[in-house]
Participant: 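Dropping the structure in here first, questions after.
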Amino acid sequence: MSKDFLNFVVEDFLEKIGNNQECFLMNDIIRLLPDSVANQIAAGEVIQRPSSVIKELVENSIDAGAKKIDIIVKDAGRTLLQVIDDGCGMSSTDARLAFERHSTSKIKTAADLFTLRTMGFRGEALASIAAISQVDIRTMRPEDSVGTRLKINGSKVESQEPDVTIPGTNMSIKNLFFNVPARRKFLKKDTIEFTNILHEFERMALVNPGVELSLTHNERLVHRLGRSTLKERIGNLFGRTIEDQLIPVSAMTEPVRISGFIGNPTHARKRGALQYFFVNGRNMRHPYFHRAVMSCYEKLLPPDTQPNYFIDFTVDPETIDVNIHPTKNEIKFENEQIIWQLLVAAVRESLGKFNVGPSIDFEMGHNFMIGSLGEVSRTEKEIAETESVRISVSPQTLSKPALNHSVTSRQSFERPRQNKDWETLYQDNQKEITRSSKFIQIKDRYILTPSMTGLTIIDQHEAHINVLYHKFYNLYKEHSFTSQSLIFPVKVSLSPDQMIMLDSVQDILEEIGYRIENAEQNEKELTALPSVLGNAYGAEVLLDILDGLQTEASQENDVFNVIPGIIAMSMARGSAIRAGQSLTSEEIETLIGSLYSLSSPALSADGKKVITEIDVETIEKLFRV
């Protein structure tokens, strides 16, 4: 290297560091961070939101042997997060030391990391929480006559003194992120943050059914769960309807013991499926095992639905690594492929035992028929049993709405007019269809018709959804829904977050025909439904509406802007004919006529393809050698 080139490099470097060059060359610049700053940095990984605090504190209570844990929250955790347990408590020395970084009672050597059977072990959580909040802890061991009270403000110990308390630990976390304004600014709305807390509570409740748990928010009791079996805990959390739909799954092998429950395919959910994996008493996310479960439901589920499942794995702690993520929700398995195969076998065996094997086509769903007069009805027997009201879908009853409502994050309920003149195309196609005088239905799912340029393939289910969506959307905008009273009220089980959403939109739901009365703690009673829905589908549509609004709220969208589209789409999904429904030529003609009267027949309001065209040239290519 030449001297001139070396001088050039040095001069260029000095120019870049500018005014700091003398300091940089003369002084050491590497320094240790103060503990308070290091703890705030660690808090960024461990404490992402108020629900993270609840997770860490409750896991500590579980590790302390608690059999009763009360969680008290104010303002979605911004003001207060309090966890009270009846566990083993701490001595005054342990209480002080517990807030030092990397202090732990769980591990002594690196080898201990691979034999862990407890939840927390890194020693980061309490130090991180104390760094970004005001902590007030009261704790006492059963064998002590007096406990201790410790106050910490942003990692600084303000006081520690003896305290008259009861055995166990009472931990209050106040003013979360008070000294980190940037982090506090990025907290979401209270409804979203509390929903996150609620979901974290559900995960912990499921994995600890033998622990009594309660959750109170702003002095309102949300949950009080007694000790129970896993199945009972599922019912207490999500409603008896979910509990009644569960299918047990079990497998006992050398590398893993699998137990838990899977959902009946007939009750799969379009949104918000309840899907939980546990391993050795710990919640986990595992996309690979999720795909294993989903592969067992192929050809059993209606389109765009997901099954519920609650599956627990028990393995040798030495065969998993829970230390790959700060929140310990991602877990690495040593025998991953073997467990995948065993999981698939166990789920398929359970589905087979309960007569829901692949030979059954659950897409048959609701037995709707499109009448020759352009009306949707069910069989006469179902009409007599449910007193259903027919839904008109004739082209004359459908106008071409100018869709001007909001676009949601996941679904666009507004589509621009297509470049094609669909009415002209429909008229031209009708000439071709008239000449052939024949409609073809493939697998009772697709409608095949000749066109002027080749063939047109229509998804009958999505086509009917598209037709009904526009009808229901117009009814909403015109305030034209009517109500139908029920002779026998229908009970609906709701999860707490569904209850919260219902409280905020119940007035709107009643405007479209629902009458909703209070029943038991997690149930509502429907005494009237929108008259366009049959009795058998009103509850299903209500749940779909609530789930759709929850999805929007979780992404910080204004639910009141998207209500028209979500209501119309949920009603359309619940009322549309299903794949697997055989149609007559007249019924097909009515459906096609209604579809082509829309401004955008080829795409549904949520962006799904309805129509596919195959031109003659493409067909000819299939026959070329």
Side-chain angles (χ1 to χ4, degrees), residues 231-232 234-246 263-272 302 305 308 362 364-369 371 375-392 468 471-472 475-476 480-496 498-503 505-549 566-568 570-578 581:
K231 186 176 183 181
E232 291 169 339
I234 293 170
N236 291 331
L237 283 170
F238 306 115
R240 298 300 175 190
T241 302
I242 298 295
E243 182 181 348
D244 294 340
Q245 299 164 4
L246 297 177
N264 192 307
T266 56
H267 298 285
R269 305 177 73 165
K270 296 182 179 68
R271 299 187 186 96
T305 60
N308 299 323
F362 285 100
M364 294 293 288
H366 311 308
N367 187 22
F368 275 102
M369 295 165 48
E375 293 184 333
V376 175
S377 62
R378 287 183 294 276
T379 63
E380 293 181 1
K381 179 180 178 182
E382 287 178 317
I383 292 175
E385 290 176 347
T386 63
E387 300 179 345
S388 65
V389 177
R390 295 184 177 186
I391 305 171
S392 173
L468 292 178
K471 174 182 173 62
F472 296 146
L475 287 175
Y476 183 92
S480 298
F481 280 109
T482 59
S483 185
Q484 172 185 334
S485 296
L486 298 176
I487 298 175
F488 302 104
V490 176
K491 285 190 175 182
V492 181
S493 295
L494 300 175
S495 64
Q498 288 173 328
M499 284 283 195
I500 293 170
M501 181 57 66
L502 178 60
D503 288 342
V505 299
Q506 184 164 336
D507 290 346
I508 295 174
L509 293 173
E510 291 187 347
E511 286 180 10
I512 67 172
Y514 280 102
R515 295 292 178 270
I516 305 169
E517 307 292 341
N518 289 327
E520 298 179 15
Q521 181 178 348
N522 64 342
E523 287 186 341
K524 292 287 186 177
E525 194 170 73
L526 305 183
T527 59
L529 303 174
S531 58
V532 294
L533 300 176
N535 297 5
Y537 313 110
E540 176 186 328
V541 169
L542 174 63
L543 294 175
D544 196 52
I545 291 172
L546 295 176
D547 286 343
L549 295 175
I566 287 179
I567 286 177
S570 295
M571 286 185 165
R573 286 194 188 114
S575 305
I577 57 173
R578 306 299 187 188
Q581 173 65 54

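Fair warning: this is a prediction, and the values are worked out from it, not measured in the lab.
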Participant: Looking at every heavy atom in both Ile516 and Glu510, which two are closest together, and how far apart are they?
Facilitator: N-OE2, 3.9 Å
Participant: Using side-chain heavy atoms (C-beta onward) and a distance below 4.5 Å, is Lys524 in contact with Asn518?
Facilitator: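 The answer is yes, as the side chains (C-beta and beyond) meet within the 4.5 Å cut-off.
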Participant: Would you say Val541 and Leu529 make side-chain contact, with heavy atoms under 4.5 Å?
Facilitator: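 Side chain of Val541 against side chain of Leu529, heavy atoms only: no contact under 4.5 Å found.
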Participant: Using atom types as modelled and distance alone, determine if a side-chain donor or acceptor of Thr482 lies under 3.5 Å from a backbone N or O of Ser531.
Facilitator: no
Participant: Is any side-chain heavy atom of Pro530 closer than 4.5 Å to a side-chain heavy atom of Phe472?
Facilitator: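 A side-chain contact under 4.5 Å is absent here.
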Participant: Is there a donor-acceptor contact under 3.5 Å from the side chain of Tyr514 to the main chain of Gln506?
Facilitator: no
Participant: Does the side chain of Tyr476 reach to within under 4.5 Å of the side chain of Ile512, using non-hydrogen atoms?
Facilitator: yes
Participant: Does the side chain of Gln245 come within less than 4.5 Å of Ile234's, by heavy atoms?
Facilitator: no
Participant: Any heavy-atom pair between the side chains of Leu494 and Leu543 that's under 4.5 Å?
Facilitator: yes
Participant: Side-chain contact test, heavy atoms from C-beta onward, threshold under 4.5 Å: evaluate it for Leu237 versus Ile242 and give yes or no.
Facilitator: no
Participant: Checking Arg240 now: which residues fulfil salt bridge (Lys or Arg N to Asp or Glu O under 4.0 Å) with it, not counting sequence neighbours?
Facilitator: Glu243
Participant: List in chain and number order the residues that pass salt bridge (Lys or Arg N to Asp or Glu O under 4.0 Å) with Asp544, two or more places apart in sequence or in another chain; answer none if no residue qualifies.
Facilitator: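 Listed in chain order: Arg271, Arg573.
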Participant: When rounded to the nearest 0.5 angstrom, what is the spacing between CE in Met501 and CG in Leu549?
Facilitator: 5.5 Å
Participant: Distance from Ser485 atom OG to Ile487 atom CD1, nearest 0.5 Å?
Facilitator: 9.5 Å
Participant: Please say which of Leu475, Val532, Leu468 ends up in a side chain to side chain contact (heavy atoms under 4.5 Å, CB included) with Met571.
Facilitator: Val532
